[in-house]
Trainee: 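Okay, here's the structure, questions in a sec.
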Amino acid sequence: MNTIAVVGAGISGLSIANYLEKHDMDYHIYERRAKTDLTGHGFLIPKEGIEHLTQIIDKATLFKQGNFLKKYIKYSHKGSIIAEKELNDVFVIARSSLIDILTHNIPSEKISYEKPVSLSPQGKLTYSDGTSIDSDIIIVSDGSKSRIRRQVFKDENMRSVRENEVVNIIENKEIAACIEDNFMKFHHEDGGLAFGILKLSEDKILWYLQFDNEKYKIDEEYSVENLKEYLSKIFDDWHPLVSSIIKESSYENVHLWRVYELEQLNSFYKDHIVFVGDAAHPLIPFTSQGVTSALKDAFTLTQYLIEEENRSEAFRKYETERKPEIEIHIRNGRILLDQFLRPLHQQTENIVPISYK
C-alpha cells in the first residue's frame with residue numbers, strides 16, 4: 001500500500017483525507033497553520049457538492065451547521081428588486097464549521113499542525129529543518145497560491161483578477177430575524193461593487209462585498225477601525241440592511257481575499273505529485289464552485305487510486321475526468337466577472353452568481 005502525504009488541512013486536504021480514511025488508505029496531513037487558525041468566512045455549496053460531502057460526513061450534523069437557501073434575489077444598492085430565481089438545494093455554511101466537521105473523522109495522530117513543508121530538489125517533502133518525509137504519493141492541497149505548485153511548475157504565470165472580496169460573519173439576532181433564507185445580493189448602479197448576504201442561522205449572517213480593485217482601494221494593512229470606517233462611508237447610502245450590517249459587525253476576523261488566477265492551467269500531476277482543489281485549479285469566487293470542485297477532485301482521485309495499480313495511470317484518469325469541467329467553471333467565472341464590472345443596466349438580469357457545468 002502506498003504511503004500518502006497530504007499537504008494542507010483546508011477543505012480540499014480534509015476532503016481527500018476523509019475519502020482516504022473511508023477506504024483505509026495510509027496517509028498523513030501536514031498543515032503549516034495552527035489548528036485554531038480559522039478565518040471568518042464561509043461557502044455556498046450547490047446540490048452536487050452536498051451529494052459528495054454527505055458521502056464522507058454525517059448529513060444531519062452538516063445540516064445543523066448551515067442553512068439551505070430558497071432563492072436568489074438581485075437588488076439595486078437602494079433595495080429595488082431587479083431579479084429573483086428559485087434555488088435548488090444550495091447550502092451555506094461557515095468555513096470554521098465545515099473544517100470542524102471534516103476534521104472530526106480524521107484521527108488526531110494523522111494531522112500535524114504548524115508543520116510547513118516544501119519540496120526538495122529530489123522531489124521529497126521536507127520540514128523547514130531539512131528533515132525528509134517518506135511518502136510514495138504527495139497530494140498537494142495548499143491553496144490557490146500553492147508553494148509546491150510553483151516549485152513544480154516554475155514557468156506558470158498567475159495574474160491578479162480585477163475583483164477582490166471582503167468576507168465576514170456577524171452575530172446579531174435582531175438583524176438575522178429580519179432576513180429570510182435567501183441569497184441576497186445588492187449591486188451598485190455603476191457596477192464593480194456588490195454586497196452579498198447569506199443567513200447561516202438564527203443569529204449568524206455571512207456577508208461579503210465584492211469590489212473592482214481599480215476603483216476601490218482596500219489595503220491589507222488597514223486597521224480594524226480604518227476598514228470599518230472606510231466601508232461605512234462607501235455603503236452609507238445603501239439599503240439600511242446593508243449599512244446596518246457594516247456598522248454592527250466586528251472586524252477582528254474579517255478576511256480580505258485578493259483574487260488570482262492562472263493564465264493557463266498546469267497539468268494536475270507530475271511524477272508522484274498530484275494537485276487537488278485550488279492548488280490544482282484556482283477558481284475565482286464568482287463561480288461558488290470551490291468546495292464542490294475540491295470534493296469532486298477528492299472523490300475522483302481516491303477512486304482511481306483504488307482502481308489502478310499504476311500510480312501514473314490513476315493520476316492521468318483523474319486529470320482527464322476533472323479538467324474539462326474545471327475549464328467550464330473558469331470560463332463561467334470570467335463571464336460572471338465581466339457582468340459584475342458592467343454598469344447595472346448592462347448586466348444580464350437573471351444571471352445567478354453560481355457556475356453550473
Trainee: For Y304, give me all partners under ring-ring contact (aromatic ring centres under 6.0 Å, His included), at least two apart in sequence or on another chain.
Mentor: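 For Y304, no residue satisfies ring-ring contact (aromatic ring centres under 6.0 Å, His included) once neighbours in sequence are set aside.
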Trainee: Hey, mind stepping through K317 and E308 against salt bridge (Lys or Arg N to Asp or Glu O under 4.0 Å) and telling me if it holds?
Mentor: CA-CA 9 Å; K317 286 187 173 182; E308 298 294 334; 2.7 Å; yes
Trainee: State plainly whether the residues E321 and K296 are in salt-bridge range, i.e. N to O under 4.0 Å.
Mentor: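 Salt bridge flag = no for K296 with E321.
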Trainee: Does K185 count as lying over the ring of Y72, i.e. NZ or CZ under 6.0 Å from the six-ring centre, within 45 degrees of the axis?
Mentor: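 Cation-pi check for K185 and Y72: fails.
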Trainee: Mind checking what makes side chain to side chain contact (heavy atoms under 4.5 Å, CB included) contact with S76, not counting sequence neighbours?
Mentor: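 Only K78, S80, I82, L344 meet the side chain to side chain contact (heavy atoms under 4.5 Å, CB included) criterion with S76.
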Trainee: May I ask you to check if K115 and Y127 form a cation-pi contact, with NZ or CZ under 6.0 angstrom from the six-membered ring centre and within 45° of the axis?
Mentor: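 Because its charged atom sits under 6.0 Å from the ring centre and within 45° of the axis, K115 does stack over Y127.
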Trainee: Examine H187 together with Y75 and report whether their ring centres are nearer than 6.0 Å.
Mentor: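 Ring centroids of H187 and Y75 are no less than 6.0 Å from each other.
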Trainee: Indicate the ring-plane relationship of W238 and F235, choosing parallel, tilted or perpendicular according to the 30° and 60° boundaries.
Mentor: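 W238 vs F235 ring planes: perpendicular.
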Trainee: Taking the inter-plane angle between the rings of H77 and H188 on a 0 to 90° scale, is it parallel (under 30°), tilted (30 to 60°) or perpendicular (over 60°)?
Mentor: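 Correct class here is parallel.
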Trainee: Using a strict 4.0 Å threshold on nitrogen-to-oxygen distance, state whether E214 and R162 make a salt bridge.
Mentor: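 Salt bridge present between E214 and R162.
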Trainee: Taking all non-hydrogen atoms of both residues, which atom of F211 and which atom of E165 are closest, and how far apart?
Mentor: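 The pair with the smallest heavy-atom distance is CE2-N, 3.9 Å.
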Trainee: Please test H28 against Y30 for ring-ring contact (aromatic ring centres under 6.0 Å, His included), starting from the C-alpha separation and ending with a verdict.
Mentor: CA-CA 7 Å; H28 192 90; Y30 302 89; 4.8 Å; yes
Trainee: Run D89 and I50 through side chain to side chain contact (heavy atoms under 4.5 Å, CB included) and show every step you take.
Mentor: CA-CA 8 Å; D89 290 339; I50 294 295; 5.9 Å; no
Trainee: Start with the C-alpha distance between H239 and F186, add both sets of side-chain angles, then the distance that settles ring-ring contact (aromatic ring centres under 6.0 Å, His included), and finish with yes or no.
Mentor: CA-CA 8 Å; H239 186 275; F186 296 80; 5.6 Å; yes
Trainee: State plainly whether the residues R33 and E114 are in salt-bridge range, i.e. N to O under 4.0 Å.
Mentor: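 Looking at R33 and E114, the cut-off is not met.
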Trainee: Between D236 and K247, does any NZ, NE, NH1 or NH2 come within less than 4.0 Å of an OD or OE carboxylate oxygen?
Mentor: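 Salt bridge between K247 and D236, a charged N being under 4.0 Å from a carboxylate O: yes.
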Trainee: Do NZ/NE/NH1/NH2 and the carboxylate oxygens of R316 and E313 come within less than 4.0 Å?
Mentor: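 Salt bridge: yes.
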Trainee: Are the charged groups of K124 and D134 less than 4.0 angstrom apart, N to O?
Mentor: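 The answer is yes: the pair qualifies as a salt bridge.
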Trainee: Kindly assign one of parallel, tilted or perpendicular to the pair Y318 and F268, based on the angle between their ring planes and the thresholds 30° and 60°.
Mentor: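 Plane angle between 30° and 60°, so tilted.
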Trainee: Thinking salt bridges, do D338 and R342 make one under a 4.0 Å N-O criterion?
Mentor: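 Here D338 pairs with R342 in a salt bridge, since their nearest N and O are under 4.0 Å apart.
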Trainee: Assess whether side chain to side chain donor-acceptor pair (under 3.5 Å) is satisfied between E21 and N105, documenting all intermediate values.
Mentor: CA-CA 8 Å; E21 183 71 24; N105 293 335; over 6 Å; no
